[in-house]
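Below you'll find the structure, written out as C-alpha cells, and then a few comments.
Every value quoted in this text rests on a predicted model; they were computed, and no experiment measured them. Chain letters run A, B, ... following the sequence lines, proteins first and then strands; every chain starts at 1.
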2 protein chains.
Amino acid sequence: MADTLTGRRRSVLQETRCQTCSLSSLCLPLALEVDDMDQFDAIIRRRAPLKKGEALFRQDTPFSSVFAVRSGSLKQVTTEGSGEDQLTNFYLPSELVGLDGIDEQRYPGTVVALETTTVCEIPFDRLDHLAESMPELRGQLYRSMSKELRDDRRMMRLLSRKTADQRLASFFTSLSERFRRRGYSPYSFRLSMARADIGNYLGLAVETVSRILGRFQTQGLVAVSGREVNILDLPALTRLAEEEGAH
Amino acid sequence: MADTLTGRRRSVLQETRCQTCSLSSLCLPLALEVDDMDQFDAIIRRRAPLKKGEALFRQDTPFSSVFAVRSGSLKQVTTEGSGEDQLTNFYLPSELVGLDGIDEQRYPGTVVALETTTVCEIPFDRLDHLAESMPELRGQLYRSMSKELRDDRRMMRLLSRKTADQRLASFFTSLSERFRRRGYSPYSFRLSMARADIGNYLGLAVETVSRILGRFQTQGLVAVSGREVNILDLPALTRLAEEEGAH
DNA sequence: TTTCCTTCTTGATCGTGGTCATGGCCCCAT
DNA sequence: ATGGGGCCATGACCACGATCAAGAAGGAAA
C-alpha cells in the first residue's frame with residue numbers, strides 16, 4: 001500500500017503519465033480513449049534521463065522495446081563491416097525509436113543522446129498484446145512505420161538527386177517544420193548535433209557543411225552562430241530545397 | 001451455387017490459392033496455420049496480369065490495398081514538384097508493395113510493371129481486421145515493414161558513402177541474393193529494368209552505369225550481354241560492395 | 001584563469017562522376 | 001527488307017564537392 005502511494009506520487013511529480021504529457025497529441029497513444037490510454041500507460045517503463053553522448057541501445061543487441069522520445073534528441077548510427085559510421089536518423093520528442101529492429105530482433109544501429117534526453121520505454125511484446133484489442137493503437141503503429149518509410153524515401157531522393165546547397169536547405173526546412181509541429185519556434189532554434197553529424201547524415205564532408213552555412217549567411221537566408229540558428233528567409237530556403245536537379 | 005462452383009474452379013485453375021502458391025514460404029501468410037491461411041486467402045483479390053509498362057497504382061491516388069507480387073517485377077517511382085522522377089524501389093515476387101501509403105492514405109509513388117506481372121491484392125482494412133485475431137499475421141506485417149525500413153537504411157548508406165563501382169556491385173550482389181532466396185540461380189539472370197532505371201535507383205547517370213558495367217566485364221567480374229547477366233566472381237563483387245568509403 | 005581538446009572555419013588542390021555529343025545496336029512495325 | 005525509335009556504349013570536357021592542411025574559436029576541467 002505504501003509502495004503504491006509512493007509510486008503514484010512519484011509518477012505525478014515526474015509528470016510521467018501519458019494523459020498529462022504535452023506530447024500526447026503527437027505520440028503513439030494519440031487516438032486512444034481515456035480507459036485505453038490508462039492501459040497503455042501501464043506498460044510504459046520510465047527511464048532515468050540519458051546524458052549527452054550516452055547510448056539508449058547499441059547495434060546488434062537484442063530487440064525488446066521501442067522508445068518514444070519525451071524530451072531532448074538522439075541520433076541513430078550504423079556501423080557496417082570495415083566501413084565508417086552512417087548516421088541514418090535524428091529523433092525529436094514524440095518520435096518512435098527502434099522500429100527497424102522488429103524484423104531481425106536486433107537493433108540495426110546504435111542510438112545516442114545528443115543532449116540530456118528522456119524517453120519512454122515501450123516493451124514491444126506488451127505493445128503488440130495491447131494492439132490486439134485496440135484498433136486505434138494498431139493503426140497508429142502502422143502509421144508510424146509507414147511514415148518512417150515515406151521519410152526514408154524522401155531521404156533517398158535527397159541523397160541521390162540534390163546538390164549540397166539543396167541538402168542543407170532541406171535539412172533546415174525539415175527541422176523548422178518539425179519544431180513548428182511541436183509548438184516551438186520554426187524560425188529560431190538550437191542545433192543539438194555537431195556539424196560532423198549533419199554532414200554524415202546528409203552525405204557531405206564537414207567542410208562542405210561549414211562552407212555552405214557561410215554562404216547561406218551571406219545570402220541572408222539564415223543567421224548562424226555556433227549551434228544557434230535563426231531562419232531569416234524560410235520561403236527562399238523552401239524554394240531552394242524543393243527545386244531539384246543540378247540547376 | 002453455380003457461382004460458387006465457377007469461382008472455385010477458376011481459382012484452382014489459376015492456382016491462386018495461397019496454400020498452393022510456391023511463394024508461401026516467403027510471403028505474408030508464411031506463419032499461418034491451415035485454417036488461418038484459408039481465411040487470409042478469402043480476402044485476397046486476384047487481378048488480371050499487368051502488361052509491361054502498366055501501372056499498378058498511381059502516385060497520390062487513395063490508398064486501399066497492399067499488393068503481394070506473385071510473378072514478374074515492378075518499380076516504384078516518385079515525382080516531386082518540378083523535379084524529375086526518383087526510382088525508390090524494385091519489387092520481386094513475394095514482396096509487399098504499398099506499405100508506405102498507410103500513413104497518408106495515399107500512395108506516395110507510382111508503381112509500374114517492368115514485365116508481365118501478376119499480383120495479389122490485399123485490401124488493407126480487411127487485412128487489419130484479420131490481424132486482430134491472428135498474432136502471427138500481425139507479426140509478419142510488422143516484420144515486413146521493419147525489413148523495408150532496414151533496407152532503406154542500407155540504401156541511404158549506399159547513396160551517401162559508396163562510389164559508383166561499389167553501388168553497382170551492391171546492386172548485383174543484392175539481386176543475386178534475392179534470386180537465390182526465391183529458388184532461382186544467383187549467378188545467371190535477366191534484368192527486367194533498363195540501364196536508366198538502374199542509374200536512377202543508384203543515383204548515377206546512365207552513362208556511368210554503362211561504363212562501369214564495361215569495366216566489370218573487362219575485370220572478369222560479370223559477363224553482361226544486353227539484359228542478360230552472368231556473375232563470374234561473386235566473392236570479388238561482394239568484397240567490392242562491402243568495402244566502403246572512397247578507398 | 002590557463003590549458004587542452006574538440007569543434008568549426010577557411011583556403012588550395014584534385015578526382016569522381018555528371019553533362020554533352022555522337023554513333024552503334026536491337027527490336028518492332030510496316 | 002527497310003526505316004524508325006528506344007536503348008546502350010564510348011569519348012571529351014568540366015564542375016561539384018572531397019581531401020589535405022592549417023588555424024581560430026569554443027568549452028570543459030584543473
Side-chain angles (χ1 to χ4, degrees), chain A residues 51-53 75 83-87 112 114-116 158-171 190-218 222-229 240 243-247, chain B residues 51-53 75 83-84 86-87 112 114-116 158-171 190-219 222-229 240 243-247:
Chain A
K51 285 197 275 288
K52 179 176 173 175
K75 63 178 176 182
E84 27 182 328
D85 294 347
Q86 166 72 14
L87 204 165
V112 175
L114 292 168
E115 57 197 311
T116 303
L158 178 146
L159 291 172
S160 79
R161 311 223 84 83
K162 291 189 177 176
T163 65
D165 300 81
Q166 296 167 339
R167 292 183 198 194
L168 257 302
S170 299
F171 181 69
R190 183 179 171 73
L191 301 171
S192 57
M193 67 291 284
R195 301 284 190 274
D197 290 332
I198 300 177
N200 190 325
Y201 179 60
L202 296 176
L204 298 171
V206 202
E207 296 92 326
T208 307
V209 175
S210 257
R211 268 186 261 275
I212 292 176
L213 249 49
R215 204 185 308 153
F216 279 4
Q217 192 125 258
T218 66
V222 295
V224 183
S225 167
R227 297 196 174 177
E228 220 54 59
V229 175
L240 181 55
E243 82 184 34
E244 10 212 284
H247 46 270
Chain B
K51 285 198 275 288
K52 179 177 173 173
K75 62 177 174 182
E84 25 182 327
Q86 165 73 14
L87 205 165
V112 175
L114 292 168
E115 59 196 309
T116 302
L158 178 145
L159 290 171
S160 79
R161 311 224 85 82
K162 290 189 178 176
T163 66
D165 300 80
Q166 295 167 339
R167 294 183 197 193
L168 256 302
S170 298
F171 181 69
R190 183 180 172 72
L191 301 171
S192 58
M193 66 292 283
R195 301 284 191 274
D197 290 331
I198 300 177
N200 189 325
Y201 179 60
L202 297 178
L204 298 171
V206 200
E207 295 92 325
T208 306
V209 175
S210 260
R211 267 187 262 274
I212 292 175
L213 247 51
R215 203 184 309 153
F216 279 4
Q217 191 125 255
T218 66
Q219 293 171 334
V222 295
V224 183
S225 165
R227 297 196 173 177
E228 222 52 60
V229 175
L240 181 54
E243 81 185 35
E244 11 211 283
H247 48 264

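Taking atom CZ of A:Arg161 as the reference point, atom C1' of C:dT19 lies 14 Å away to the nearest angstrom. B:Leu159 has its CG atom 13 Å from the P atom of C:dG17, to the nearest Å. The CG atom of A:Leu168 sits 14 Å away from the C1' atom of D:dC16 (whole-angstrom rounding). Rounded to a whole Å, the CZ atom of A:Arg215 is 13 Å from the C1' atom of C:dT10. If you take CG of A:Asn200 and P of C:dC8, they are 13 Å apart, rounded to a whole angstrom. Spacing between atom CG of A:Leu213 and atom P of C:dT10 amounts to 10 Å, rounded to whole angstrom units. When the P atom of D:dC7 is taken as reference, atom CG of B:Asp197 falls 9 Å away, rounded to whole Å. Nucleotide C:dT7 holds its P atom 15 Å from the CG atom of A:Leu191, rounded to whole Å.
The B:Arg227 side chain lies nearest to D:dC7 when the options are C:dG17, D:dT19, D:dC7. Considering only side-chain atoms of B:Thr208, the nucleotide from C:dG17, C:dC8, C:dG11 that sits closest is C:dG17.
Taking 4.5 Å as the limit, some side-chain heavy atom of A:Leu213 sits within range of a side-chain heavy atom of A:Arg195. Annotation: side chain of A:Leu240 is in contact with side chain of A:Phe216 (closest heavy-atom distance under 4.5 Å). Side-chain atoms of A:Phe171 and A:Leu158, non-hydrogen and from C-beta on, never get closer than 4.5 Å to each other.
Salt bridge status for A:Arg190 with A:Glu228: present, with a side-chain N to carboxylate O gap under 4.0 Å.
Using a 4.0 Å heavy-atom criterion, one finds that B:Gly203 contacts the sugar-phosphate atoms exclusively. A:Ala205 comes within 4.0 angstrom of a base, heavy atoms only.
Side chain to side chain, A:Lys51 and A:Thr116 fail the donor-acceptor criterion of an N or O pair below 3.5 Å.
Judged by atom type and distance alone, A:Arg167 does not reach the base of D:dG17 through any side-chain donor-acceptor pair under 3.5 Å. Checked by distance alone, B:Arg211 brings a side-chain donor or acceptor within 3.5 Å of a matching partner on the base of C:dT19. Between the side chain of B:Glu207 and the base of C:dC20, a donor-acceptor pair under 3.5 Å is found. The base of D:dG6 does not come close enough to the side chain of B:Arg195 for any donor and acceptor atom to sit less than 3.5 Å apart.
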Could you encode protein contacts along nucleotides 25-30 of chain C as a string, one character per nucleotide from 5' to 3', using B for base contact, S for sugar-phosphate-only contact and - for no contact, with a heavy-atom cut-off of under 4.0 Å?
------
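Between the side chain of B:Arg161 and the backbone N or O of A:Gln86 there is no donor-acceptor pair closer than 3.5 Å.
When A:Asp197, A:Leu114, A:Ile198 are each tested for a side chain to side chain contact (heavy atoms under 4.5 Å, CB included) with A:Leu191, only one passes: A:Ile198.
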